[in-house]
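I have placed the structure first, in the form of structure tokens, so that the comments after it can refer back to it.
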Amino acid sequence: MEYWLMKCEPTAYSIADLQRDKTTSWEGVRNYQARNFMRNTMKAGDMALFYHSNAEPSGVAGVMKIVKAGYPDHFAFKPDHKYFDARSTSEKPLWYMVDVAFVARFAEILPLQQIKEEPRLKGIMVAQKGSRLSVQPLSEDHFKVICELAGVRKLP
DNA sequence: GCCAACGTTGGC
DNA sequence: GCCAACGTTGGC
């Protein structure tokens with residue numbers, strides 16, 4: 001099983017929205033590196049941190065689970081959709097998405113600042129300068145440390 | 001809102 | 001294949 005960190009601006013979709021919806025599709029990723037992770041590596045059963053970017057404060061907001069591995073992002077096929085991309089077709093899809101399910105919502109956002117200050121999280125990708133990748137792999141240790149810092153003792 | 005860092009595009 | 005121009009991300 002792999003662990004991930006996935007970013008989203010909470011003004012677009014937040015952990016509260018996922019808590020309400022229970023599951024959602026994670027569409028609109030338009031970066032090749034992130035796409036490769038979703039298409040090639042991510043599997044149902046993997047765990048992921050939900051990261052609020054461009055937020056006050058930015059940081060990890062909760063935990064989710066991958067419930068469907070990578071499949072073609074069909075929003076890219078819809079000409080009127082903001083995620084439309086004419087280069088992507090159902091015969092040769094360019095972009096991929098996954099489905100995720102709500103697992104836990106942190107009582108408080110774990111701010112990026114705190115992640116940077118924690119020695120056990122040294123080297124974590126999200127804390128690196130200029131890290132813009134919206135789907136990042138995460139070590140099991142880092143995943144557990146973040147849950148512990150957020151006060152999540154046992155995941156359901 | 002600013003802007004640094006990064007990714008993508010396209011002329012050559 | 002180089003690289004300047006442009007667009008986007010995301011912390012602050």
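Proteins come first, then strands; the chains are lettered A, B, ... in the order of their sequence lines, and each starts at number 1.
Clustering ILVMFWY residues whenever any of their side-chain heavy atoms sit less than 4.5 angstrom apart, transitively, puts A/L112 in the very cluster that holds A/L149. Residues A/V63 and A/I66 fall into different hydrophobic clusters, defined by Ile, Leu, Val, Met, Phe, Trp and Tyr side chains chained together at heavy-atom separations under 4.5 Å. Following chains of ILVMFWY side-chain contacts shorter than 4.5 Å, one cannot reach A/V60 starting from A/V135, and the two form parts of different hydrophobic clusters.
Ring pair A/Y32/A/W95: centre-to-centre distance below 6.0 Å. For A/W26 and A/Y13, the ring centers are positioned 6.0 Å apart or more.
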Write out a two-atom table: protein N or O, nucleotide N or O from nucleotides 2-8 of chain C, distance below 3.5 Å.
residue, atom, partner, partner atom, Å
C/dT8, O2, A/R132, NH1, 3.2

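When A/E140, A/H142, A/E148 are each tested for a side-chain hydrogen bond (donor to acceptor under 3.5 Å, both in side chains) with A/K144, only one passes: A/E140.
The two residues A/A104 and A/I15 have their closest heavy-atom pair at O-CD1, 3.9 Å.
Within residues 110-123 of chain A, the residues that have a heavy atom under 4.0 Å from DNA chain C are, in order of number, A/L112, A/K116. The stretch residues 48-63 of chain A has no heavy atom under 4.0 Å from DNA chain B, so no residue of it qualifies as close.
Atom CG of A/L133 is separated from atom C1' of C/dG11 by 16 Å (rounded to the nearest Å).
The 5' end of DNA chain B is approached more closely, in terms of each residue's nearest nucleotide, by A/G130 than by the other of A/G130 and A/R87.
Under 4.0 Å is where a charged nitrogen must lie from a carboxylate oxygen, and between A/R20 and A/D17 at least one such pair does.
Here the side chains of A/D73 and A/S88 are not in contact, with every heavy-atom distance at 4.5 Å or above.
The main-chain N or O of A/Y83 is found under 3.5 Å from a side-chain atom of A/R30 such that the two form a donor-acceptor pair.
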